[in-house]
Amino acid sequence: MLASHISAELKYRVSLTAKDYYSATRGRVNWEGVSSELRMPIPKILQHFDESICGIRQRSLSEAQDWGVEALMALKSFTETYFQHCMSVDDWILVGKYMNISHSDCVAKMWALGKFRMTAILYEQITEYRDAGLLWPTIYRNVVVDCTLDILRIAYATNTKDTLYKSKRPKAKFRISKHQHWSQEEDAQLIELLSQYGNGNDVDWNYISKTLGHSKNACRYRRILLRPQSKGTRGSSIDTDHGASSESPSLGIDYLLN
């Protein structure tokens with residue numbers, strides 16, 4: 001009883017302090033300031049944070065939108081600082097609270113960041129545009145890339161011409177922990193259901209969950225894991241419990257972008 005009272009009191013204190021450090025301009029809380037005031041590590045603070053108490057509304061930003069360099073760097077820095085390469089769903093939920101964005105969108109954005117590769121030719125092309133005085137929105141319209149502007153700017157800022165020509169960056173991968181095993185038949189059925197009942201972000205997860213017998217969160221994350229294969233990404237495969245030759249798909253996040 002006492003422990004429950006202390007936990008509730010801590011949740012209330014954390015949430016009200018977070019409200020004081022919320023920036024409408026940035027759209028999120030300055031958690032470093034909250035951590036300094038409460039003298040607690042940020043992950044622990046986030047575990048006790050309840051947005052319903054302080055009235056902070058979650059932002060709606062999808063992977064396909066430009067988050068801006070500051071927000072994307074904050075996402076990258078937070079995951080690098082506090083988490084190991086294998087992140088669980090609970091870890092990503094804390095990331096979502098930190099960014100004030102849906103944790104599934106944070107997963108997808110980090111996926112996209114890790115998937116994009118800056119080439120030496122593209123780097124030189126951007127450098128020429130910048131030397132000519134072009135602004136980033138104009139540069140983005142004049143280069144052919146499969147990423148958002150914020151990812152392009154981060155990739156450019158964290159690379160140099162010499163590193164692109166001379167070095168190969170070591171890979172470190174994030175994996176989304178699975179709570180359940182999926183068979184090949186279930187994967188195929190999920191893809192078919194998504195084609196029938198998934199329209200962009202408007203997906204009938206309730207129906208899909210009941211049909212497959214997996215939780216809605218499990219279905220959402222399985223879609224993320226299946227995404228490279230469904231797009232035909234080279235070298236991706238699906239982790240199942242029915243074949244030793246299958247490899248685990250990963251978020252493919254190249255953490256050593258510097």
Criterion side-chain contact (heavy atoms from CB on, under 4.5 Å) on I126 and L152, from CA distance to verdict | CA-CA 10 Å; I126 293 174; L152 180 64; 3.8 Å; yes
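- S15 contributes no side-chain N or O that, together with a main-chain N or O of C54, makes up a donor-acceptor pair within less than 3.5 Å.
- Within a 6.0 Å sphere centred on CG of D131, heavy atoms belonging to other residues, nucleotides or ligands number more than 12.
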Could you give me the CA-CA distance, side-chain angles and deciding distance for I224 and W111, then say whether side-chain contact (heavy atoms from CB on, under 4.5 Å) is met?
-> CA-CA 9 Å; I224 293 174; W111 177 300; 3.8 Å; yes
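- Residues S102 and Q58 have side chains in contact (heavy-atom distance under 4.5 Å, counting atoms from C-beta outward).
- With hydrogens and angles left out, the side-chain atoms of Y21 and E32 include no donor and acceptor closer than 3.5 Å.
- In this structure, Y82 has its ring center no closer than 6.0 Å to that of Y98.
- Judged purely by distance below 3.5 Å, without hydrogens or angles, the side chains of S215 and N217 never pair a donor atom with an acceptor atom.
- K109 is not listed as a side-chain neighbour of M99, based on a closest heavy-atom distance of 4.5 Å or more.
- Using modelled atom types and a 3.5 Å distance limit, the side chains of D91 and S88 yield a donor-acceptor pair.
- At least one side-chain heavy atom of W182 sits less than 4.5 Å from a side-chain heavy atom of C219.
- The shortest distance between side-chain heavy atoms of D150 and Q65 does not fall below 4.5 Å.
- Of the possible donor and acceptor atoms, one in the side chain of K97 sits under 3.5 Å from a partner among the backbone N and O of L46.
- Aromatic rings from W92 and Y221 are positioned such that their centres are separated by 6.0 Å or more.
- Hydrophobic clustering, with ILVMFWY side chains joined whenever heavy atoms are under 4.5 angstrom apart, keeps L10 apart from L16.
- In summary, the aromatic rings of Y156 and W136 are positioned with their centroids under 6.0 Å apart.
- Both I45 and Y22 are members of a single hydrophobic cluster when ILVMFWY side chains are connected at heavy-atom separations under 4.5 Å.
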List the steps, then state whether side-chain contact (heavy atoms from CB on, under 4.5 Å) holds for F116 with I154.
-> CA-CA 10 Å; F116 179 72; I154 294 293; over 6 Å; no
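- Residue V143 is grouped with residue L134 when hydrophobic side chains (ILVMFWY) are merged at heavy-atom distances under 4.5 angstrom, including chains of intermediate members.
- Put simply, the residue from K76, R153, R28 that forms a salt bridge (Lys or Arg N to Asp or Glu O under 4.0 Å) with E70 is R28.
- Between L75 and M110, the closest side-chain pair of non-hydrogen atoms falls below 4.5 Å.
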